[in-house]
Amino acid sequence: MKTFKISPNYLRHFLDISPFYYSEELYPELTALNLANSSSVRRWAHEYLRPHFLGFPIARQIRIKESFRYGLNFWPDDTLQRCAEEWLDPTGQTPIRKRCEEIWNDLFDGEYFGIDNPATYQIVTTPPGDPFGHIVD
């Protein structure tokens, strides 16, 4: 049986907005997005996150995607919040799980995020700074 290695740090590393946000010369319009607004988050997911995700090697894409899927199904809200930090909705008006589901749907075109067999997932311990540092892609 194939298992997926997952970690909250894989998702946290992927959802980290700072490389985009602080690259104003590359992404000047990102600083103008209101990430408490669903349409701005949708735009961010389509224009920034999706190309970023697709630029990764397939092994890394799988770890990120399956960590996200597992998180939506089993991690408590506070774990999802730590993966997305406060920027996801600085007002706190949108529940974190709902916002993460919106991002999933935008990234993966509404693909089903349910899990039929949780035994196919293995949670691994990864460093927070570069959780992929130990992976050979």
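Numbering of residues begins at 1 and proceeds along the displayed sequence.
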Set of residues satisfying side chain to side chain donor-acceptor pair (under 3.5 Å) with respect to S67, sequence neighbours excluded: none
Quick one: are L80 and R97 in side-chain contact, heavy atoms under 4.5 Å? yes
Does the side chain of I62 come within less than 4.5 Å of I58's, by heavy atoms? yes
Decide yes or no for C100 and L72: does some side-chain heavy atom of the first lie under 4.5 Å from some side-chain heavy atom of the second? yes
For D116, enumerate each residue passing the salt bridge (charged side-chain N to carboxylate O under 4.0 Å, His left out) test, keeping only those at least two apart in sequence or located in another chain. none
Where does the angle between the aromatic ring planes of Y10 and F132 fall among parallel (under 30°), tilted (30 to 60°) and perpendicular (over 60°)? parallel
Determine the interplanar angle of the F14 and H52 rings, folded into 0 to 90°, and report it as parallel if under 30°, tilted if 30 to 60°, perpendicular if over 60°. parallel
Quick one: does any side-chain atom of D77 pair with a main-chain N or O of I96 as donor and acceptor, under 3.5 Å? no
R12 side chain to R82 backbone, donor-acceptor under 3.5 Å: yes
dist L107:CG -> L49:CG (nearest 0.5 Å) comes out at 5.5 Å
Is a donor on one side and an acceptor on the other found under 3.5 Å between the side chain of Q61 and the backbone of F56? yes
Please answer whether the main-chain N or O of P131 pairs with a side-chain N or O of N9 as donor and acceptor at a distance below 3.5 Å. no
At what distance, to the nearest 0.5 angstrom, does NE2 of H13 lie from CD1 of I64? 7.0 Å
Dump the intermediate steps for salt bridge (Lys or Arg N to Asp or Glu O under 4.0 Å) on K65 and E111, then the final yes or no. CA-CA 11 Å; K65 185 175 184 180; E111 179 181 319; 2.8 Å; yes
To check you understand the geometry: which heavy-atom pair defines the closest contact between N73 and F113, and what is its length? ND2-O, 2.6 Å
Decide yes or no on side-chain contact (heavy atoms from CB on, under 4.5 Å) for F74 and I115, but give the supporting numbers first. CA-CA 10 Å; F74 299 108; I115 292 178; 3.7 Å; yes
Could you go through the side-chain contact (heavy atoms from CB on, under 4.5 Å) check for F108 and F68 one step at a time? CA-CA 11 Å; F108 305 116; F68 202 174; 4.2 Å; yes
Spell out, yes or no, whether I103 and L54 are grouped together once hydrophobic residues are joined by side-chain heavy atoms under 4.5 Å, including indirect joins. yes
Under the rule for salt bridge (charged side-chain N to carboxylate O under 4.0 Å, His left out), what residues qualify as partners of E102, not counting sequence neighbours? K98, R99
Taken to the nearest 0.5 Å, the spacing of N37 CG from Q93 CD works out to 10.5 Å
Taking NZ, NE, NH1 and NH2 as the nitrogens, is one of them in D106 or R43 under 4.0 Å from a carboxylate oxygen of the other? no
R69 and Y121: CA distance, side-chain angles, deciding distance, side-chain contact (heavy atoms from CB on, under 4.5 Å) verdict: CA-CA 10 Å; R69 183 187 312 272; Y121 291 84; 3.3 Å; yes
Taking side chain as C-beta onward, heavy atoms only, is F53 less than 4.5 Å from Y48? no
Exercise: identify the closest heavy-atom pair between L15 and C83: CB-O, 3.8 Å
